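Working notes, beginning with the structure itself.
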Amino acid sequence: MDQIIECIPNFSEGRNPETIAALVAAIRSIKDVFLLDQEMDHDHHRAVLTFAGSPRGVAEAAFQVTRVSTGLIDLRRHQGGHPRVGATDVVPFVPIRGVTMDDCVVLAREVGHRIGIELGIPVFLYEQAASAPHRMNLEAIRKGGLEGLTERMHNDPAWQPDFGPPMPHPTAGATVVGARAPLIAFNVNLNTGDLETAKAIAKKVRFSSGGLPYVKAIGVKLASRRIVQVSMNLTNFEETPIHVAFESVKQEAEMRGIQVAGSEIVGLVPQQALIHTAQRFLALEQFDRSQVLETRLANAMAQTGSSVERAAPTPSGDWAASVTGFLAAVSAGTPTPGGGSVAALAGALAAALGVMGCRIGPPRSSRTVEEQSSPVSNHDIDLARIERRLVELGEKLRRLMQADADAYEDVLRAYRLPKTDQTRADAISAALRKATEVPLETAVLAAETGALLRALLSRVKSSVATDVKVGLRMAVAAIEGARENVTVNIKTQTNQEVVSLISTKLQAVERSLEELKRL
């Protein structure tokens, strides 16, 4: 994936796991999106979800999760320690790879417009997407909570929303959407129940009150633990690292005779931020990030044309382009990628071994005298033809690795439709047909691959004959694996015309399989 954007929406719900599960499902239903992290806090009464992926996928996921939130979260019954103005309180977009901040601004405006128009929620743009200087800071929009924002919307023309109606949604309030650089959500817990102390320390360390640069801070009561917290956002960890923020809070607390109970990071954190902290507290000399195991491994693999991929909990992503990523994704404990994708990989590997055999070439002893004296023989032409076709088959089979995972995800989405939805039966039937046709195509292509490899055995050098035979075994495995999926899925297909067509093709594959097994 050449372009990656991260999105970290915050929701005013931290106590109902079923609601969070529904929000997670909305994100996971979108193609080309990775759910990276989920956090929920009872005292803050807040959840933070982190996902990333292609710009289009992330935009769609952001809208869909906001739509689901609007139907499930009612601010009229919400009480928590964290400031908020909406059910979906804030939706930031962050550039990660192959995109600019301007790209994220455009995305924020597109998603904000959809939320405002389609969901009837007033949307305010913030940070780099802000339409006016007085709206850049999130705390300025949240000042006074939803009640304060509602009053400003009613009385001050400068506080009309960027999109949507000029009054809060009855249950979802307002939503803040923007584009920003990466930040670290870092909290320090104090061994006291005095909220005023936490607020006083937060005021001392935050930049807006003369404290640390690039630090935003508030005091929050953790009622369930009978302590308080200084909750911070570090918007530039290079300028104000985690350990500096921690030490500042600790010193302010100790001046008041209070000890630090612990600290926490909410969501994800850049690796370099932890390296800064390790260097400070361990007093490391001449240390750099190349000494980190994962960094060295990524650099080594990059030099060989490979890459280290984070395994995604959904089939969307770049796992099909990396053996390491694919193996991690298969073993991740999620339904996809599964057996169908593995079967397609087996077929692609079979084709690759055949291409290798073609490129090493035939033994000269197998040519006629005339061919041996000619720069281009009939054997060469024949091998070139087989090689071209095997390259084509290998590429098609590689694409089917992703297609099979996508097909199964479509089946899951169809079954998730409400039983009252009149389109549900047709959607399930169409999804099942696709989930049957994809592995059938894998089996057909693998059968052709096997036939070409069988033809190669008498044409290649003895040194690669064993490799070609391994390719044949892989082709057989691909056919048998794909056949399993076809056989299972066709049983649930109600369209008898489709069943008949697929059965006819499957019979031809079965005949090819028997021929390959006889070798």
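Being a predicted model, the structure only gives us computed values, none of them experimental.
Evaluation of the side-chain contact (heavy atoms from CB on, under 4.5 Å) rule for S208 yields R206 as partners, not counting sequence neighbours. Evaluation of the salt bridge (Lys or Arg N to Asp or Glu O under 4.0 Å) rule for R413 yields D410 as partners, not counting sequence neighbours. Residues meeting the salt bridge (Lys or Arg N to Asp or Glu O under 4.0 Å) test with R77, sequence neighbours left out: D74. With sequence neighbours left out, the salt bridge (Lys or Arg N to Asp or Glu O under 4.0 Å) criterion links E110 to R56. With sequence neighbours excluded, the residues that form a side-chain contact (heavy atoms from CB on, under 4.5 Å) with A348 are L397. Annotation: side-chain contact (heavy atoms from CB on, under 4.5 Å) contacts of E18 (sequence neighbours excluded): N16.
A salt bridge (charged side-chain N to carboxylate O under 4.0 Å, His left out) check over residues 141-160, counting only residues at least two apart or in different chains, returns the pairs D89-R142. Pairs passing the ring pair (Phe, Tyr, Trp, His ring centres under 6.0 Å) check and including a residue from residues 394-418, sequence neighbours excluded, do not occur. The list of side chain to side chain donor-acceptor pair (under 3.5 Å) pairs with a residue in residues 240-251, not counting sequence neighbours, is empty. Among residue pairs with one or both ends in residues 417-428, those qualifying as side chain to side chain donor-acceptor pair (under 3.5 Å) are D421-T423; sequence neighbours excluded. Listed by first and then second residue, the salt bridge (charged side-chain N to carboxylate O under 4.0 Å, His left out) pairs involving residues 58-72 are E60-R114 (not counting sequence neighbours).
Salt-bridge annotation for R46 and E13: absent, with no side-chain N of the basic residue lying under 4.0 Å from a carboxylate O of the acidic one.
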Practice task
Applying side-chain contact (heavy atoms from CB on, under 4.5 Å), run through V85 and V176 and close with a yes or a no.
Solution key: CA-CA 8 Å; V85 295; V176 186; 3.9 Å; yes
Practice task
Show your working on side-chain contact (heavy atoms from CB on, under 4.5 Å) between D37 and V266 and close with a plain yes or no.
Solution key: CA-CA 10 Å; D37 189 65; V266 180; over 6 Å; no
Problem - Verdict with reasoning, I141 to Y126, per side-chain contact (heavy atoms from CB on, under 4.5 Å) - result: CA-CA 8 Å; I141 301 174; Y126 85 115; 3.7 Å; yes
Problem - Q259 vs N191, side chain to side chain donor-acceptor pair (under 3.5 Å): CA-CA, chis, key distance, verdict - result: CA-CA 6 Å; Q259 297 298 310; N191 263 327; over 6 Å; no
Practice task
For the pair T197 and T192, evaluate side chain to side chain donor-acceptor pair (under 3.5 Å) and give the outcome as yes or no after the intermediate values.
Solution key: CA-CA 8 Å; T197 296; T192 178; 5.2 Å; no
Exercise for the section: I would like to know whether F186 and N233 meet side-chain contact (heavy atoms from CB on, under 4.5 Å); could you show each step before the answer? Expected result: CA-CA 6 Å; F186 179 59; N233 280 343; over 6 Å; no
Practice task
Under the salt bridge (Lys or Arg N to Asp or Glu O under 4.0 Å) rule, what do E437 and K434 come out as? Steps first, then yes or no, please.
Solution key: CA-CA 5 Å; E437 290 176 339; K434 181 181 177 183; over 6 Å; no
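R15 places a side-chain N or O within 3.5 Å of a backbone atom of H42 that can act as its donor or acceptor partner. In this structure, D43 contributes its side chain and S224 its backbone to a donor-acceptor pair below 3.5 Å. Judged by distance alone, the side chain of T150 and the main-chain N or O of L146 form a donor-acceptor pair under 3.5 Å. The closest donor-acceptor contact from the side chain of T88 to the backbone of T175 lies at 3.5 Å or more, if one exists at all. Judged purely by atom type and a 3.5 angstrom limit, R256 uses its side chain to pair as donor or acceptor with the backbone of E252. Under a 3.5 Å cut-off, the side chain of T442 and the backbone N or O of V438 do form a donor-acceptor pair. For N236 (side chain) and E239 (main-chain N/O), a donor-acceptor pair under 3.5 Å exists by modelled atom type.
With contacts defined as side-chain heavy-atom distances shorter than 4.5 Å, the pair P9/T66 does not qualify. Residues E127 and L138 have side chains not in contact (no heavy-atom distance under 4.5 Å, counting atoms from C-beta outward). At a threshold of 4.5 Å between non-hydrogen side-chain atoms, the residues I242 and L234 count as touching. Inter-residue side-chain proximity for V230 and N189 is flagged as unmet; no heavy-atom pair is nearer than 4.5 Å. At least one side-chain heavy atom of D404 sits under 4.5 Å from a side-chain heavy atom of P439. For the pair I8 and L49, the minimum side-chain heavy-atom distance is 4.5 Å or more. When side chains are defined from C-beta on, F93 counts as touching V111, because their heavy atoms get closer than 4.5 Å. At least one side-chain heavy atom of M136 sits under 4.5 Å from a side-chain heavy atom of Q128.
Taking all atoms of both residues into account, the shortest heavy-atom contact from V91 to A62 is CG1-CB, 4.2 Å. Heavy atoms only, all atoms of each residue included: P213 and F207 are closest at CA-CD1, 3.5 Å. A pairwise comparison of heavy atoms in L212 and A245 identifies CD1-CA, 3.9 Å as the closest pair. Minimum interatomic distance between V94 and A181 (heavy atoms only, all atoms of both residues): CG1-C, 4.1 Å. The two residues A435 and V411 make their nearest non-hydrogen contact at CB-CG2, 3.8 Å. The two residues A129 and A179 come nearest to each other via the heavy atoms CB-N, 4.0 Å.
Here the straight-line distance linking atom OG1 of T100 with atom CD1 of I5 works out to 8.5 Å at 0.5 Å rounding. Going from atom OG of S69 over to atom CG of L23 covers 6.0 Å, rounded to the nearest 0.5 Å. For the atom pair CG (L35) and CD1 (I30), the distance works out to 12.5 Å, reported to the nearest 0.5 Å. Rounding to the nearest 0.5 Å places CE of M232 at 7.0 Å from CG of N187. Note that CG of L195 is 6.0 Å distant from NZ of K221, once rounded to the nearest 0.5 Å. Note that the CG atom of L412 and the OG1 atom of T336 stand 7.0 Å from one another [nearest 0.5 Å].
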Under 3.5 Å, side-chain donor or acceptor atoms of residues 158-170 against the rest of the protein: list the pairs with distances, not counting sequence neighbours.
from, atom 1, to, atom 2, distance (Å)
Q160, NE2, M153, O, 2.6
D162, OD1, S131, OG, 2.5
D162, OD2, L125, N, 2.8
D162, OD2, R135, NH1, 3.1
H169, ND1, T171, N, 3.1
H169, ND1, T171, OG1, 3.4
H169, ND1, A172, N, 3.0

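More than 12 non-hydrogen atoms from other residues, nucleotides or ligands lie less than 6.0 angstrom from NE2 of H134. For R225, the CZ atom sits in a loose shell: 12 or fewer heavy atoms of surrounding residues, nucleotides or ligands are nearer than 6.0 Å.
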